[in-house]
> 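Pasting a structure below so you can have a look.
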Amino acid sequence: MTAPSATVENFRAIDVIRKKRDGRELSSAEIGALVRAYTDGKVPDYQVAAWLMAAVLRGMSRAETAALTDAMLHSGEVLDLSFLPVNKVDKHSTGGVGDKTSLVLAPLVAAAGIAVPMISGRGLGHTGGTLDKLESIPGFNVNLPLAKFRRVLETCGCAMTGQTAEIAPADRKLYALRDVTGTVESPYLICASIMSKKMAEGIDSLVLDVKTGSGAFMKTEKDAAFLAQLMVETGQRMGKNVVALLTDMDQPLGLMVGNALEVKEVIDVLRGAGPDDLRDLCIELAAWMLYLGKACSGVEEGKQQSLQLLQSGKALDKFRQMIELQSGDPRVLDDPRRLPQANHRVDVKATSSGYVSSFACEQVGTACVILGGGRERKEDSVDPAVGIVLQKKVGQPVSAGEPLATIHYNSEALAARASRLLTECIVISAERPGVNRPLVHQVIRSSGEAN
Ligand code: URA
């Protein structure tokens, strides 16, 4: 592991920006100095934004990626959870549209007796963020001080928080900056961002949900597999058990896109219902978490166990307990109308008859950001109530004039922009589309081991 104390004499941000811009490899000391200076507030956003863009365009070597991950990891505390006498497992997604599985998985896996110490992020680019979703539950606190994070975890088996001044502070700042500077789509930066906060959590094992398709940051399966391999290798280097599932993001997951709307769909799944694709993916990911956490002897058994935890209401009870412990209003579980609601709704209608053949899925996420569900600038706050409810998914028949989606909005002007975008991004064809894309494309476990 790179020595976190590496220093550079007379460090100047401009030197590392120019070096990366010109395609030269940075030393781990230079990367460490940049991360430290930015975390300490000694380098301004604009210089780091320039460096990030150079890193996106020039790429990074394995050594640079390792140095960045290590510097970000050691920017804050690395949790020691050895006081908990159970296995500790987490899951992280590379980001998608309607991807709300974390909110199901943390309580579901905790209900099986595994500790899930989950550090998540806010919306990033066109993708939604777990923290923004959780904050749509009135009162829910995602800024837990370390001592409280430990207490919640010990009491109910799962805790969900953001990067803080204590844990992964470098990712907290870099993540917010990347969100609004077009610097998300780099496998190296994504790897460092995800693995630095996950390795700070004190976990034994990690399941990675690496998205591929038009709504993912890595659009092709080849690019997604590259990112998955990079993260699995990083985990191995740090002595953790890591499995990556390449999962489909060619259309939104479930039917709801938008913070409070997605929480409502999470509640449906925790009640044993909800849309098939979302429920199936939650069960698949939970099964791997249970398997790595040694709560079952194989993934198939893990799936059965996960299904039972949903159907018995035990996963929902865990979610209720976590919401209470994190100061949220648990009454939303019994009456989701207590979640923030948008003032207006309007349908986006089909202009021709046929079948929904594909989504430009990234644009669905962008439409949600435009409505106010995500950020255009770092300082923006999100509107928890707005979003999109899909009425049709790929393969379903549609008649001209039928609703394809319903926009939940609070501003007429923003709804008009989102509506134009949605009309363009849902493609209707005369023929029923061919074979459905699988939910799970590949499983990557360690160097070269895939199935
Ligand atoms: N999730 C993260 O935490 N970081 C990224 O860069 C992308 C997805």
Side-chain angles (χ1 to χ4, degrees), residues 35 38 48-49 51-53 55-56 59-60 64-66 68-73 75-76 90-103 105-106 116-134 142 160-164 167-201 203 206-213 215-219 223-232 234-235 240 242 244-247 249 253 285 361-362 365 369 374-375 378:
V35 170
Y38 185 51
V48 176
W51 181 82
L52 287 167
M53 187 57 82
V56 169
M60 294 173 75
E64 285 177 312
T65 309
L68 181 62
T69 309
D70 293 348
M72 290 172 68
L73 167 63
S75 67
D90 193 13
K91 173 301 312 192
H92 199 87
S93 155
T94 56
V97 180
D99 178 12
K100 58 220 38 110
T101 64
S102 290
L103 280 73
L105 291 169
V116 186
M118 194 178 271
I119 301 174
S120 303
R122 297 193 175 278
L124 192 61
H126 66 278
T127 69
T130 299
L131 302 180
D132 295 329
K133 291 169 207 188
L134 286 169
V142 297
M160 298 176 84
T161 191
Q163 315 96 317
T164 64
I167 321 172
D171 186 55
R172 180 185 165 102
K173 291 188 79 173
L174 287 166
Y175 191 98
L177 191 59
R178 287 170 60 222
D179 179 30
V180 292
T181 54
T183 52
V184 177
E185 291 91 341
S186 152
Y188 315 101
L189 297 179
I190 294 175
C191 172
S193 165
I194 291 179
M195 297 309 283
S196 64
K197 46 182 181 286
K198 297 290 115 172
M199 296 300 112
E201 288 174 344
I203 48 173
L206 176 65
V207 175
L208 292 164
D209 180 3
V210 181
K211 302 289 189 191
T212 179
F217 291 122
M218 300 293 117
K219 308 279 187 243
D223 288 348
F226 177 79
L227 170 59
Q229 198 69 56
L230 207 55
M231 292 195 286
V232 168
T234 304
K240 309 291 176 187
V242 182
L245 274 67
L246 261 58
T247 74
M249 189 33 70
L253 190 61
L285 293 167
C361 185
E362 177 174 333
V369 173
R375 294 170 188 78
K378 262 177 65 178

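Here the structure is a predicted model, which is why all the values come from computation and not from measurement. All ligand and atom numbering here is 1-based and tracks the order in the structure.
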> Output all residues satisfying side-chain hydrogen bond (donor to acceptor under 3.5 Å, both in side chains) with Lys100, sequence neighbours left out; order by chain, then residue number.
Glu265
> What residues sit with at least one heavy atom under 4.0 Å from ligand 1?
His92, Ser93, Thr94, Leu124, Tyr175, Arg178, Ile190, Ser193, Ile194, Lys197
> Could you go through Ser196 and Asp171, starting from their C-alpha distance and side-chain angles, then the distance that decides it, and tell me whether this counts as side chain to side chain donor-acceptor pair (under 3.5 Å)?
CA-CA 8 Å; Ser196 64; Asp171 186 55; 4.8 Å; no
> Can you measure from CG (Leu105) to NE2 (His92) and round to the nearest 0.5 angstrom?
12.5 Å
> Restricting to salt bridge (Lys or Arg N to Asp or Glu O under 4.0 Å), what partner residues turn up for Arg172, sequence neighbours left out?
none
> Would you please name every residue forming a side-chain hydrogen bond (donor to acceptor under 3.5 Å, both in side chains) with Lys173, sequence neighbours left out?
none
> If you look at every heavy atom in Lys91 and Thr101, which pair is closest and at what distance?
NZ-OG1, 3.0 Å
